[in-house]
Amino acid sequence: MKQTVLLGDEDIRYLRMAGEVLDDQVEDVLDVWYGFVGSHAHLVHYFSGADGKPSAEYLNAVRRRFGQWIRDTCAARYDRPWLNYQHEIGLRHTSAKKNKTDGISSAAQSIHLRYLIAFIVPITATIRPFLGKKGHSPNDIEGMHAAWFKSITLQVTLWSMPFVAPSSF
C-alpha cells in the first residue's frame with residue numbers, strides 16, 4: 001500500500017519533520033478541525049449522544065485520540081503495531097466498535113465510509129498553513145504537505161477495510 005500511494009523514504013523524513021513543526025500546534029490544528037465538523041450539522045450527528053446533542057465527554061475523548069493520531073502520523077512507524085492500530089481505528093468507525101471505546105450511547109452507530117474518504121481533503125488542506133509556521137523553505141513545506149497527504153490516504157484506505165468484504169479489499 002505504501003508503494004501504491006507513492007510513500008517513500010523521503011516522505012518518511014518529511015513526515016518526521018512535520019512532527020517537529022506540528023508538535024506544539026496540535027491543539028490549534030484540532031481547533032480548526034473541530035470548527036470544521038461543528039460548522040456542518042450532518043457531521044455533528046456523529047459526535048452526539050443518544051439525545052442528539054453533541055457530547056462534550058465524547059468530543060474530548062475523541063480529541064485526545066485525534067491529537068495522538070497527528071503525532072503517530074508524523075512518527076511514520078509503519079510496523080505491525082501501527083498496522084494493527086489502523087485496523088482498530090477502522091473498526092471504531094463501524095457498528096462493531098463505534099462508541100465502545102468511550103462507553104457512550106451515541107446517536108450514530110457507525111460513521112459512513114463516504115465521510116472517512118471525503119475527510120482526506122479537509123484534513124490535508126487545513127494542515128498546510130501549520131506546516132509553514134516554523135520558517136521552513138517552500139520546498140520543505142511542500143514535501144511535508146505531500147507526505148502528509150500520502151500518509152492520510154494510506155491510513156483512510158486501511159480504515160476502509162472493515163467496511164468491505166475481504167475479497168473486495
Side-chain angles (χ1 to χ4, degrees), residues 1-2 4-7 11 14-15 18-19 21-22 25-49 52-78 82-102 104 106-132 141-164 168-169:
M1 292 299 305
K2 284 171 42 181
T4 302
V5 298
L6 306 174
L7 185 73
D11 297 301
Y14 276 123
L15 281 169
V21 170
L22 296 172
Q25 299 184 80
V26 169
E27 290 303 316
D28 295 331
V29 172
L30 294 173
D31 287 345
V32 168
W33 291 351
Y34 269 52
F36 176 82
V37 170
S39 67
H40 294 82
H42 66 285
L43 299 176
V44 173
H45 167 76
Y46 292 107
F47 299 96
S48 297
K53 296 178 182 171
S55 166
E57 179 184 358
Y58 183 47
L59 283 165
N60 287 333
V62 171
R63 185 179 179 106
R64 282 189 300 278
R65 281 194 299 279
F66 221 175
Q68 185 59 51
W69 174 76
I70 293 170
R71 290 178 178 93
D72 291 345
T73 295
C74 293
R77 289 185 204 99
Y78 298 102
W82 177 86
L83 190 58
N84 291 345
Y85 193 59
Q86 299 315 299
H87 186 70
E88 175 68 19
I89 291 171
L91 287 171
R92 288 180 184 177
H93 288 86
T94 70
S95 58
K97 288 216 169 176
K98 174 88 169 70
N99 307 325
K100 292 180 175 62
T101 299
D102 301 305
I104 69 153
S106 172
Q109 296 306 308
S110 67
I111 295 178
H112 293 101
L113 178 59
R114 66 182 177 260
Y115 292 118
L116 290 180
I117 295 167
F119 256 87
I120 292 171
V121 174
I123 294 298
T124 300
T126 57
I127 204 73
R128 187 181 194 96
F130 293 99
L131 296 173
I141 294 167
E142 180 56 35
M144 288 185 284
H145 192 246
W148 177 269
F149 173 60
K150 293 172 188 180
S151 182
I152 300 315
T153 302
L154 172 64
Q155 290 176 74
V156 171
T157 300
L158 294 171
W159 299 348
S160 301
M161 185 185 284
F163 288 87
V164 298
S168 296
F169 190 79

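- With a 4.5 Å cut-off on side-chain heavy atoms, D28 and D31 count as touching.
- By the 6.0 Å contact criterion, CZ on F130 is enclosed, its count of non-hydrogen atoms from other residues, nucleotides or ligands being greater than 12.
- Salt bridge status for D72 with R65: absent, with no side-chain N to carboxylate O gap under 4.0 Å.
- What you find for I127 and H145 is that their closest heavy atoms are CG2-CD2, 3.8 Å.
- What you find for V26 and G67 is that their closest heavy atoms are CG1-CA, 3.7 Å.
- Under the ring-ring contact (aromatic ring centres under 6.0 Å, His included) rule, F119 has a single partner from W159, W33, F36, F66, which is F36.
- Residues V5 and F149 form no side-chain contact, since every pair of their non-hydrogen atoms from C-beta on lies 4.5 Å or further apart.
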Please report the C-alpha distance between V29 and T126 in whole Å, then the side-chain angles of each, then the deciding distance to 0.1 Å, and finally whether the side chain to side chain contact (heavy atoms under 4.5 Å, CB included) criterion is met. CA-CA 8 Å; V29 172; T126 57; 5.8 Å; no
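- Here the CZ-NE2 distance, from F163 to H93, works out to 7.0 Å after rounding to the nearest 0.5 Å.
- V21 and M144 get closest at one heavy-atom pair: CG2-SD, 3.9 Å.
- Note: K97 NZ to R92 CZ = 7.0 Å, rounded to the nearest 0.5 Å.
- A donor-acceptor pair is defined here as one N or O able to donate and one able to accept, closer than 3.5 Å; such a pair exists between the side chain of T94 and the backbone of L91.
- Contact of the L30 side chain with the I70 side chain is registered, since non-hydrogen atoms from C-beta on lie closer than 4.5 Å.
- Atom CD of E57 has 12 or fewer neighbouring heavy atoms from other residues, nucleotides or ligands inside a 6.0 Å radius.
- Residues M161 and Q86 fail the side-chain proximity criterion, which asks for heavy atoms closer than 4.5 Å.
- The minimum heavy-atom distance between G19 and C74, with the atom names listed, is CA-CB, 3.3 Å.
- Distance OG/S160 to CG/L116: 6.0 Å, rounded to 0.5 Å.
- With values rounded to the nearest 0.5 angstrom, L59 atom CG is found 11.0 Å from R64 atom CZ.
- In plain terms, the two heavy atoms of G90 and P162 that are nearest each other are C-CG, 3.7 Å.
- To the nearest 0.5 Å, the span separating OG1 on T73 from CD on Q68 amounts to 9.5 Å.
- Looking at Y14 and S151, their side chains never bring a donor and an acceptor atom within 3.5 Å of each other.
- For the pair Q155/L158, no side-chain contact is recorded, criterion being any heavy-atom separation below 4.5 Å from C-beta on.
- In terms of heavy-atom proximity, D11 sits nearest to L6 at OD2-O, 3.1 Å.
- Taking a 6.0 Å sphere around CZ of R77, one finds it holds 12 or fewer heavy atoms contributed by other residues, nucleotides or ligands.
- Separation of atoms CD1 (I141) and CG (L131) is listed at 7.5 Å; rounding is to 0.5 Å.
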